[in-house]
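Right, one structure below, let's go through it.
Values reported hereafter were calculated over all heavy atoms of this structure, with side chains retained and with hydrogens, waters and symmetry mates removed.
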Amino acid sequence: MISIDVWISSIASGLIFSVLAMGVAITFNILNIADLSVEGTFPFGAFVFARVLTAGFNPFTSMALSFVFGLLSGLLTYIWFKKLKVDAILAGILTMTILYSVNLRIFGQSNVPIVGEDTIFTIFDFVPEIVVLAVISIVIKLALDWYLKTEKGYLLIATGDNEDLVKQLGNNPDKYTCIGLMLSNGLIALSGCIQGQFQSFVDVTMGQTMIVNALASIIIGQTFLRTRNLKMTTRAIIGSIIYRIIYGIAIDKGLNPNDLKAITAFIVIIFIFYNNMIVKRKAKKVKEYVTNKKSI
């Protein structure tokens, strides 16, 4: 029997990482770019938040600046990728490596407690944490859905699908690649600062396996909800919650914490395999249908 505390903590964690998953979905699903800077940007957002918060600013200003600095980290990846013609994967790794040193420089130490500081959870202490997280996740989802329906949002989507089409429309696809990378990293940094508030400390190792966690959430959302006409953001949120519930149950049942990274990787592999099998099965049915039509 799974305790209610495990369910609540898993869902709360899933809501935090849903912001991360929505950010990664912009580069992974829309732009078809493998941005590996995630593991640097996630703790970067947390460290920027902690630095601004301990300087005397309120948590809302600190979160806003965390988002802004996340945007700048995305801009950095764009510069390596498009301006210096560095491969996308290597560009992300370079940004991640740079941010690791930057994170250590911000405080001069790898772990910073923020116990006793005001956070969104202490300000709204009359509301359960899971409700606060749900509101944040839904607001970000609605804002992202709205943006993707604007002209710039459509051009961002078109950039990932067909850059030549964007050029024919008189626009520079590199501009929208830059917007996508910046927006993605802004959300990733925001997720990091929320996680820092939730656990009451920030750590330079917070970003480890975050890219795998985000991809697992995205793939689970796409796999289980394939037949549903759901938006990318909705799939990311639901996939993130499902993934964290699986994760939480595994811990509750006594899984060795040392095996968690390997288990995470296997979860991703299993869902990718399952996803590919469904695609092949549908392709086979379509081929059989076309063949039967021709024979008639």
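Residues A189 and G70 come closest through the heavy atom pair CB-CA, 3.6 Å. Shortest non-hydrogen contact noted between M232 and A25 is SD-CB, 3.7 Å. What you find for D174 and Y78 is that their closest heavy atoms are O-CE1, 3.3 Å. Residues A91 and W80 come closest through the heavy atom pair O-CD1, 3.4 Å. The nearest pair of heavy atoms linking F47 to D203 is CE1-C, 3.5 Å. The heavy-atom pair separating G248 from S10 by the smallest distance is CA-OG, 3.6 Å.
No chain of hydrophobic side-chain contacts below 4.5 Å, direct or via other Ile, Leu, Val, Met, Phe, Trp or Tyr residues, connects F201 to L133. A chain of hydrophobic side-chain contacts below 4.5 Å, direct or via other Ile, Leu, Val, Met, Phe, Trp or Tyr residues, connects I8 to I251. Taken together through direct or relayed side-chain contacts under 4.5 Å among Ile, Leu, Val, Met, Phe, Trp and Tyr, I220 and I249 form part of one hydrophobic cluster. At a threshold of 4.5 Å between side-chain heavy atoms, the hydrophobic network of Ile, Leu, Val, Met, Phe, Trp and Tyr places F198 and V115 in two separate groups. One hydrophobic cluster, built from ILVMFWY side chains closer than 4.5 Å, holds both L187 and Y147.
Considering only heavy atoms from C-beta on, T122 comes within 4.5 Å of T119 through its side chain. Residues L15 and I136 form no side-chain contact, since every pair of their non-hydrogen atoms from C-beta on lies 4.5 Å or further apart. Between I120 and I123, the closest side-chain pair of non-hydrogen atoms is not below 4.5 Å. Between L104 and S110 there is a side-chain heavy-atom pair separated by less than 4.5 Å. The shortest side-chain heavy-atom distance between P173 and T159 falls under the 4.5 Å cut-off. Side chains of I218 and F28 form a contact here, defined as non-hydrogen atoms less than 4.5 Å apart. By the 4.5 Å heavy-atom criterion applied to side chains, F49 and P59 are counted as neighbours. With a 4.5 Å cut-off on side-chain heavy atoms, V202 and F44 do not count as touching.
Distance alone, capped at 3.5 Å, places no donor-acceptor pair between the S137 side chain and the A134 backbone. A side-chain donor-acceptor contact under 3.5 Å links E39 to the backbone of T209. In this structure, the side chain of E129 does not engage the main chain of A12 through any donor-acceptor pair within 3.5 Å. For the pair S217 (side chain) and A236 (backbone), a donor-acceptor distance under 3.5 Å is absent. In terms of modelled atom types and a separation under 3.5 Å, the side chain of T27 and the main chain of V24 share a donor-acceptor contact. In terms of modelled atom types and a separation under 3.5 Å, the side chain of T97 and the main chain of I93 share a donor-acceptor contact. With hydrogens and angles ignored, the 3.5 Å screen pairs no side-chain donor or acceptor of S37 with any backbone N or O of M96. Side-chain atoms of S9 come within 3.5 Å of backbone N or O of V6 as a donor-acceptor pair.
Of the inter-residue distances, the one linking I237 atom CD1 with I242 atom CD1 reads 12.0 Å to the nearest 0.5 angstrom. The line from CG of N162 to NZ of K167 is 10.0 Å long, rounded to the nearest 0.5 Å. In this structure, T205 OG1 and M210 CE are separated by 9.5 Å, a value rounded to the nearest 0.5 Å. Note: L181 CG to L75 CG = 9.5 Å, rounded to the nearest 0.5 Å. Between N172 atom CG and E163 atom CD the span is 9.0 Å, to the nearest 0.5 Å. Taking CE of M182 as the start and CG of L76 as the end, the distance is 11.0 Å to the nearest 0.5 Å.
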- Item | Check against side-chain contact (heavy atoms from CB on, under 4.5 Å), I30 and L148 | CA-CA 10 Å; I30 296 178; L148 292 176; 4.0 Å; yes
- Query: Between N213 and R244, does a side-chain contact (heavy atoms from CB on, under 4.5 Å) hold up when you go through it step by step?
  - Reply: CA-CA 9 Å; N213 291 345; R244 296 309 297 187; 4.1 Å; yes
- Verify side-chain contact (heavy atoms from CB on, under 4.5 Å) between F81 and L90, making sure each step is shown before the conclusion. CA-CA 8 Å; F81 177 39; L90 181 56; over 6 Å; no
- Message: Determine whether R235 and I238 satisfy the following criterion, side-chain contact (heavy atoms from CB on, under 4.5 Å), listing intermediate values before the conclusion.
- Response: CA-CA 5 Å; R235 292 177 183 275; I238 296 175; over 6 Å; no
- Would K141 and D145 count as a salt bridge (charged side-chain N to carboxylate O under 4.0 Å, His left out) if you check the C-alpha gap in whole Å, the side-chain angles of each, and the deciding distance to 0.1 Å? CA-CA 6 Å; K141 170 203 156 32; D145 287 343; 2.6 Å; yes
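Screening I194, N58, V48 against M63 for a side chain to side chain contact (heavy atoms under 4.5 Å, CB included) leaves a single residue, I194. When the options T77, D35, T95 are evaluated for a side-chain hydrogen bond (donor to acceptor under 3.5 Å, both in side chains) with N185, the one that passes is D35.
Around atom CZ of F69, no more than 12 heavy atoms belonging to other residues, nucleotides or ligands sit under 6.0 Å away. E151 CD: 12 or fewer foreign heavy atoms inside a 6.0 Å radius. Around the CZ atom of F107, the shell of radius 6.0 Å holds more than 12 heavy atoms that belong to other residues, nucleotides or ligands. By the 6.0 Å contact criterion, CZ on F57 is open, its count of non-hydrogen atoms from other residues, nucleotides or ligands being 12 or less. Within a 6.0 Å sphere centred on CZ of F273, other residues, nucleotides and ligands contribute 12 heavy atoms or fewer.
Between F124 and F126, the ring planes lie perpendicular to each other; the angle is over 60°, past the 30° to 60° tilted range.
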